Amino acid sequence: MRVLVTGGAGFIGSHVVDVLRERGHVPVVYDVRAHPGADVRDPAAVARALSGVDAVCHQAALVGLGDGVADAAEYVSRNDLGTAVLLAAMAEAGVRRLVLAGSMVVYGEGRYECGRHPGVRPGPRTVADLDAGRFEPLCPVCGEDLSPGLTGEDSAADPRNVYAVTKLAQEHLAAVWARCTGGSAVSLRYHNVYGPRMPRDTPYAGVASFFRSALARGEAPRVFEDGRQRRDFVHVRDVAAANAVALEAGCAPGTLTAYNTGSGEPHTVGEMAQALAAAHGGPEPVVTGEYRLGDVRHITADSSRLRADLGWKPEVGFEEGMREFARAGLRAD
């Protein structure tokens, strides 16, 4: 297939390009880093890029929590307007296969169980609780402690920050496109992706990049809250492989299918910082007690549907991946 990869010069997109080429496809990079005029919000440029294309792998997005609502317009413009322009151009060009870079942030908090009230959904954490160091959400019914579990694709969406809202909107737009055109759309809901070519020293990078950048400067990684937040850290090459598998398989026409894309091995943020620092040779992480209001406490994936439906499985283990990432080069943007 000839595959247009938006954001194909970025962190995840560049790995997607590599994997597609290895599997015999012809990736076409559409990215402002490589071509200044390659903006997904430009209908004419997108239409030209879609000429002769069989499928689209849509990785272009503004990522990260951002700055509260101060940059909400920029997030909506890049992520949602850009996706709308792309989908309209695909409909016009007759391109009927799409893989979207989704995100686990659409869920908000992950799955929790209360001993007395199963399947509860805690609300957003309050500034008062976070200032007091009360980081764990409690049962909204009885106020007792909760046990975090794995989140499946059927969990209700509950975005907790502007970026999360835009990622959910992208899925809705793609679902409408699929229904209107009979196209096949897959959203891969990435969990915490890390690995070579992550951008350094940017507020829009993930926590793995923050820690790796600090270590490169000879500084201790600063771990927010108490470091016990649970996440699913998945290697970028595994995520790239999932994109290729999803493109090749396609899904039922007229629908959007969402798949969690994670390692299936939950680790705390503190564990990740410690493993990365140890592989790098220090300094040791520092737990600060600071927080970001848009963050959630625990979110880890049940990726069994992706494994069962498409035969994908992660190949890079946590320790192996952290050892590689500790020495890998970082991008400037």
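It should be emphasised that the depicted structure is a prediction, and the values quoted were computed from it without experimental measurement.
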For residues L168 and I299: do they belong to one hydrophobic cluster (side chain heavy atoms under 4.5 Å, members Ile, Leu, Val, Met, Phe, Trp, Tyr)? yes

Is there a side-chain contact between V186 and L100, using heavy atoms and a 4.5 Å cut-off? no

List the atom of V29, the atom of A9, and the distance in Å for their closest heavy-atom pair. CG1-N, 3.8 Å

Which heavy atom of P137 sits nearest a heavy atom of P122, and at what distance? CB-CB, 3.7 Å

Return the set of residues passing salt bridge (charged side-chain N to carboxylate O under 4.0 Å, His left out) with E22 (not counting sequence neighbours), or none when no residue passes. none

Contact between C114 and C142 at the side-chain level, heavy atoms closer than 4.5 Å - yes or no? yes

Looking at residues at least two apart in the chain, or sitting in another chain, which of them share a side chain to side chain donor-acceptor pair (under 3.5 Å) with R48? none

Given the rule in the side-chain contact (heavy atoms from CB on, under 4.5 Å) test, do R21 and V16 qualify, once you have shown the distances and angles that lead to the verdict? CA-CA 9 Å; R21 192 172 286 123; V16 171; over 6 Å; no

Note, S103 side chain near R189 side chain (heavy atom, < 4.5 Å): no

Working to the nearest 0.5 angstrom, can you tell me the gap between R134 CZ and D226 CG? 13.5 Å

Euclidean distance, L306 CG relative to T257 OG1, rounded to 0.5 Å: 11.0 Å

After noting the C-alpha distance and the side-chain angles of F210 and L215, does the key distance pass the side-chain contact (heavy atoms from CB on, under 4.5 Å) rule? CA-CA 9 Å; F210 289 155; L215 290 166; over 6 Å; no

Could you go through the side-chain contact (heavy atoms from CB on, under 4.5 Å) check for E136 and Q229 one step at a time? CA-CA 9 Å; E136 292 286 349; Q229 312 94 294; over 6 Å; no

Is it true that N243 and Y190 share a donor-acceptor pair across their side chains at a distance under 3.5 Å? yes

Spatial distance of atom OG (S209) from atom CZ (R197) [nearest 0.5 Å]: 15.0 Å

Would you tell me whether D80 and T166 have side-chain atoms, one donor and one acceptor, within less than 3.5 Å of each other? no

A side-chain contact here means heavy atoms from C-beta on lying under 4.5 Å apart; do V176 and L173 qualify? no

Do Q59 and T6 have a side chain donor and acceptor closer than 3.5 Å? no

So salt bridge (Lys or Arg N to Asp or Glu O under 4.0 Å) across residues 299-308, not counting sequence neighbours, yields E153-R305, D154-R305

D158 and Y107: side chain donor to acceptor below 3.5 Å: no

Are E324 and R237 close enough for a salt bridge, meaning some N to O gap below 4.0 Å? yes

Single-linkage hydrophobic cluster L310~V234, side-chain heavy atoms < 4.5 angstrom: yes

Does D232 use its side chain to pair, donor to acceptor, with the backbone of G264 at less than 3.5 Å? yes

With sequence neighbours excluded, give me every ring pair (Phe, Tyr, Trp, His ring centres under 6.0 Å) pair touching residues 217-241. Y194-H235

Charged N to carboxylate O below 4.0 Å: is that the case for E109 and R297? no

What I want to find out is whether K167 reaches E171 closely enough, with some N-O distance under 4.0 Å, to be called a salt bridge. no

Would you say V53 and V19 are hydrophobically clustered, going by side-chain heavy atoms of ILVMFWY under 4.5 Å? no

Would the distance check show the side chain of N161 and the main-chain N or O of A164 forming a donor-acceptor pair, the cut-off being under 3.5 Å? yes

Name each donor-acceptor pair under 3.5 Å that joins a side chain in residues 278-289 to protein atoms two or more places apart or in another chain, with its distance.
unit_1, atom_1, unit_2, atom_2, d
H280, ND1, G282, O, 3.3
E284, OE1, Q274, NE2, 3.0
E284, OE2, Q274, NE2, 3.3
T288, OG1, V223, O, 3.2
T288, OG1, E290, N, 3.1
T288, OG1, E290, OE2, 3.2

Is there side-chain contact between V26 and M1, with at least one heavy-atom pair below 4.5 Å? no

Summary of ring pair (Phe, Tyr, Trp, His ring centres under 6.0 Å) pairs that have at least one residue in residues 302-324, sequence neighbours excluded: H267-F318

Quick one: which residue pairs count as a salt bridge (Lys or Arg N to Asp or Glu O under 4.0 Å) with a foot in residues 142-152, not counting sequence neighbours? none

Checking N192 now: which residues fulfil side chain to side chain donor-acceptor pair (under 3.5 Å) with it, not counting sequence neighbours? none

May I ask you to test the V162-V69 pair for a side-chain heavy-atom distance under 4.5 Å? yes

Looking at side-chain heavy atoms only, is the closest gap between M272 and T268 below 4.5 Å? no

Applying ring-ring contact (aromatic ring centres under 6.0 Å, His included), can you list everything that pairs with F11, at least two apart in sequence or on another chain? none

Tell me whether V193 shares a hydrophobic cluster with L20, the cluster being built from Ile, Leu, Val, Met, Phe, Trp, Tyr side chains joined at under 4.5 Å. yes

Indicate whether the side chain of R41 and that of S77 have a donor and an acceptor atom separated by less than 3.5 Å. yes

Look at the side-chain heavy atoms of Ile, Leu, Val, Met, Phe, Trp and Tyr, link any pair under 4.5 Å apart, and say whether L130 and L138 land in one connected group. no

More than 12 non-hydrogen atoms from neighbouring residues, nucleotides or ligands closer than 6.0 Å to CZ on R228, yes or no? no

So Q170 and H58, do their side chains get closer than 4.5 Å, heavy atoms only? yes

Test salt bridge (charged side-chain N to carboxylate O under 4.0 Å, His left out) applied to R116 - qualifying residues, sequence neighbours left out: none

Residues G110 and T151: closest non-hydrogen pair is CA-OG1, 3.3 Å

So, taking the atom named CG in N260 and the one named CG in L188, what distance separates them when rounded to the nearest 0.5 Å? 10.0 Å

Under a 3.5 Å cutoff, is there a donor and acceptor pairing between the side chains of E113 and S147? no

Within this structure, what is the CZ-CG distance for the pair R111 and L146, rounded to the nearest 0.5 Å? 11.5 Å

Can a side-chain donor-acceptor contact be found between Y291 and R125 if the only test is distance below 3.5 angstrom? no

Taking atom types as modelled, find out whether S263 and H191 have a side-chain donor-acceptor pair closer than 3.5 angstrom. no

Nearest heavy-atom approach of A185 to A174 is CB-O, 4.2 Å

Begin from the C-alpha positions of L50 and L4 and carry the test side-chain contact (heavy atoms from CB on, under 4.5 Å) through to its verdict. CA-CA 7 Å; L50 285 169; L4 183 70; 3.7 Å; yes

Compile the donor-acceptor pairs under 3.5 Å between side chains in residues 86-96 and protein atoms, sequence neighbours left out, one pair per line.
unit_1, atom_1, unit_2, atom_2, d
R96, NE, T181, O, 3.4
R96, NH1, M90, O, 3.3

Do any N or O atoms from the side chain of R212 and from the backbone of R200 form a donor-acceptor pair under 3.5 angstrom? no

Listing request: all ring pair (Phe, Tyr, Trp, His ring centres under 6.0 Å) pairs with a residue in residues 16-57, at least two apart in sequence or in separate chains. none

Sub-3.5 Å donor-acceptor pair from the side chain of S184 to the main-chain atoms of C251, do we have one? yes

